[in-house]
Amino acid sequence: MKRDLLYVDDELDNLVVFEAAFDDDFNIRSTNSAEKALQILENDLIPVVVADQRMPGMSGTELFGILRQRFPQTKRVLLTGYTDPDAMADAINEGQVFHFVKKPWDRGFLFSILVRAFQAYDLEIENSALMNKLVVSERCAILGRAMSRIAHEMGNLMCVLPLLEHIEEDYSDDEELMQMSRITRETCERLNALIGEVKDFVRFEHTVFPKAPFLLSEIVYQLLPFIKFDETIPSEQFRLDMKADSMVLANKVKLQQVLHNLIKNAADVTRDLQDGKIVLEVDAKGSEAVISVTDNGCGIPEDIIEHIWEPFFTTKGERGNGIGLDVSRRLVESHDGVIGCRSRLNEGTTFEIRLPTLGACEQPSNEPVDNRTSSSNENAQKLVMQGG
């Protein structure tokens, strides 16, 4: 595959000769002015630029001085018919010229220079990628140490859990307090799971978490109280649309973790909108359960959307760590599912999860129906409805 090369010269004859000499070897882009060359480079990534030194308006040296600032990795080859020492010194100091070639140039000699320029460009790109990996590795190491300390402190705070038993014994007839107690226990279950996940991450271990058959309605309804009491999620903006129910093989806590993260992300972009909307929709299509979280926020630019799943990539600045979507994707994939995103600027974003179902939507016959769970689901729905 031929590589892109930009040739800049104000003389038409020179442009024709250069293209004829190297058209079989490179994809030649040519222009007769430095200003037009800058416009081309703003729109296209071109590894090597060859320019004549003496051109009206802007010389080759001046052009390369600009390229040095805007496109530092682009390799620059200067053609000159003069041996002015001052001009050569300027080219070195201002433009960091890769190589000088004196006119009239020899095709074989210039071809070897161009090949070396492409090799130097590729090497610099490769080194830059390696440096980025080193930076990410260092950030991972720092994050790992911090997460280890946080997980340790979170584990210590779990010592207050026995207090729940005293509350449940002394106030067992208080339905609202018992509901709060159940929410607290489920929160602690989620926290313990997260602590284990953090410790596994720091130790480079991969824990296969247990899964069981669950109705999606049960998973979602038990998540509602957490959404209600999460102050970062405007309850008046949130709506649940349960179109269909499905039985899935899942780890309830992990799936709730994914949904909670997606809803919090939606809240970040709708919180300041007067007509902000967050919709959690549960549906079924064929042999798949479909769960989507939709917002009417600012949307995600097309050039960014392909990077949102990368570790440490965030659009939230100092408020984000770039871990949530990476973890969410891995958790969905561990359920043999897929997660995708579609977005339109100034219209909103939808994250869609597809999970394989276990067939008929009913309680497995080998497991008794837990009336407490059913009651908890009803209470959870009431709790969210009361908040808007």
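Residue indices begin at 1 and follow the sequence shown.
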When rounded to the nearest 0.5 angstrom, what distance separates [atom1] in [X] from [atom2] in [Y]?
X	Y	atom1	atom2	answer
Phe98	Arg116	CZ	CZ	5.0 Å
Asn265	Leu325	CG	CG	5.5 Å
Trp309	Ile339	CH2	CD1	4.0 Å
Leu255	Leu355	CG	CG	6.0 Å
Ile46	Thr74	CD1	OG1	8.0 Å
Asp275	Gln237	CG	CD	8.5 Å

Do [X] and [Y] sit in one hydrophobic cluster, given that two such residues count as connected whenever their side-chain heavy atoms are within less than 4.5 Å of each other, even indirectly?
X	Y	result
Leu262	Val282	yes
Val115	Val101	yes
Leu6	Ile125	no
Val279	Ile291	no
Ile305	Phe351	yes

Show your working on side chain to side chain contact (heavy atoms under 4.5 Å, CB included) between Met55 and Ser33 and close with a plain yes or no.
CA-CA 7 Å; Met55 295 184 292; Ser33 74; over 6 Å; no
How close do [X] and [Y] get, counting heavy atoms only, and between which atoms?
X	Y	answer
Arg76	Phe71	NH1-O, 3.6 Å
Leu273	Gly297	CD1-CA, 4.1 Å
Val248	Leu358	C-CD1, 3.8 Å
Val8	Ala37	CG2-CB, 3.6 Å
Ala34	Met58	CB-SD, 3.5 Å
Met178	Ser172	CG-O, 3.7 Å

Are [X] and [Y] within salt-bridge range, i.e. N to O under 4.0 Å?
X	Y	result
Lys36	Asp10	no
Glu281	Arg239	no
Asp268	Lys264	no
Lys211	Asp336	no
Asp44	Arg29	yes
Lys103	Asp52	yes

I'd like to know whether Leu331 forms a side chain to side chain contact (heavy atoms under 4.5 Å, CB included) with Gln257, so could you lay out the CA-CA distance, the side-chain angles of the two residues, the decisive distance to 0.1 Å, and finally the verdict.
CA-CA 9 Å; Leu331 289 178; Gln257 177 184 342; 3.8 Å; yes
Any side-chain to backbone donor/acceptor pair from [X] onto [Y]? Under 3.5 Å, distance only.
X	Y	result
Asn251	Pro210	yes
His260	Ile227	no
Thr357	Ser287	yes
Ser343	Gly348	yes
Gln256	Ile219	yes
Lys2	Asp23	yes
Gln69	Ile66	no
Arg3	Pro47	no
Thr270	Ala266	yes
Gln73	Tyr121	no

Take Arg271 and Asp295 through the test salt bridge (Lys or Arg N to Asp or Glu O under 4.0 Å) and record every step on the way to the result.
CA-CA 10 Å; Arg271 187 178 298 108; Asp295 65 68; over 6 Å; no
Quick check: do [X] and [Y] have side-chain heavy atoms less than 4.5 Å from each other?
X	Y	answer
Thr349	Val269	no
Val220	Leu240	yes
Val50	Leu114	yes
Glu352	Val290	yes
Val49	Val77	no
Thr61	Leu78	yes
Glu19	Ser30	yes
Ser59	Arg54	no

Heavy-atom count check: over 12 atoms from other residues, nucleotides or ligands less than 6.0 Å from Arg344 CZ?
no
Ring-ring centroid check Trp105 Phe22, cutoff 6.0 Å:
yes
Compute whether any side-chain donor of one residue and acceptor of the other, for Asp9 and Tyr7, lie under 3.5 angstrom apart.
yes
Residues Phe238, Leu224; criterion side chain to side chain contact (heavy atoms under 4.5 Å, CB included); working and verdict
CA-CA 10 Å; Phe238 176 79; Leu224 297 185; 3.9 Å; yes
Decide yes or no on side chain to side chain contact (heavy atoms under 4.5 Å, CB included) for Leu5 and Asn27, but give the supporting numbers first.
CA-CA 6 Å; Leu5 182 151; Asn27 181 29; over 6 Å; no
Look at the rings of His99 and Phe109 and say which category their plane angle falls in: under 30° parallel, 30 to 60° tilted, over 60° perpendicular.
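His99 vs Phe109 ring planes: perpendicular.
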